[in-house]
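Beneath this line is the structure, given in structure tokens, with notes to follow.
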Amino acid sequence: MGYIIAGANLTNTEKPAVAYQAETATEALQKVQELERDGYHVRTSTSEGEDLSLTTLMSRIGCEEVR
């Protein structure tokens with residue numbers, strides 16, 4: 001399963017919106033944290049369109065590590 005990360009930063013006129021894809025929950029969380037540090041409001045979903053909260057994303061990291 002892949003993850004889609006989209007962010008908007010209305011205060012940054014050079015890069016007001018971004019979109020990224022990640023293969024793992026770990027990659028997705030790293031990108032979310034990076035964007036949030038840069039002032040972006042971030043939305044994360046699975047490649048199937050399921051919205052994910054940050055808590056759900058973090059729990060999926062634990063599942064990946066167990067495998």
Side-chain angles (χ1 to χ4, degrees):
M1 171 185 339
Y3 298 90
I4 300 168
I5 301 109
N9 184 347
L10 301 179
T11 62
N12 184 343
T13 57
E14 292 180 27
K15 288 178 62 176
V18 294
Y20 295 96
Q21 292 186 357
E23 293 296 319
T24 67
T26 301
E27 289 176 50
L29 180 61
Q30 289 171 344
K31 183 51 77 174
V32 167
Q33 291 172 331
E34 176 186 323
L35 290 170
E36 286 180 340
R37 278 192 304 271
D38 290 340
Y40 284 81
H41 173 76
V42 181
R43 179 175 169 254
T44 307
S45 63
T46 65
S47 54
E48 289 84 28
E50 172 192 1
D51 285 338
L52 296 176
S53 68
L54 194 55
T55 304
T56 302
L57 186 58
M58 293 169 110
S59 69
R60 289 185 178 208
I61 291 171
C63 292
E64 286 178 355
E65 291 173 355
V66 169
R67 290 183 199 171

Take Leu52 and Ser45 through the test side chain to side chain contact (heavy atoms under 4.5 Å, CB included) and record every step on the way to the result. CA-CA 5 Å; Leu52 296 176; Ser45 63; 5.7 Å; no

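Within the model, atoms CD1 of Ile5 and CD of Gln21 stand 8.5 Å from one another, a figure rounded to the nearest 0.5 Å. To the nearest 0.5 Å, atoms CZ (Arg43) and CD1 (Ile4) are separated by 8.5 Å. Atom OG1 of residue Thr24 and atom CD1 of residue Ile61 lie 7.5 Å apart, to the nearest 0.5 angstrom.
For Glu34, the salt bridge (charged side-chain N to carboxylate O under 4.0 Å, His left out) partners at least two apart in sequence or on another chain are Lys31. Evaluation of the side-chain contact (heavy atoms from CB on, under 4.5 Å) rule for Gln30 yields Thr26 as partners, not counting sequence neighbours. Partners of Ser53 by side chain to side chain donor-acceptor pair (under 3.5 Å), not counting sequence neighbours, listed by chain and number: Thr56.
Looking at every heavy atom in both residues, Arg60 comes nearest to Tyr3 through CD-OH, 3.5 Å. Closest approach of Ala22 to Ala28, counting heavy atoms only: CB-N, 3.6 Å.
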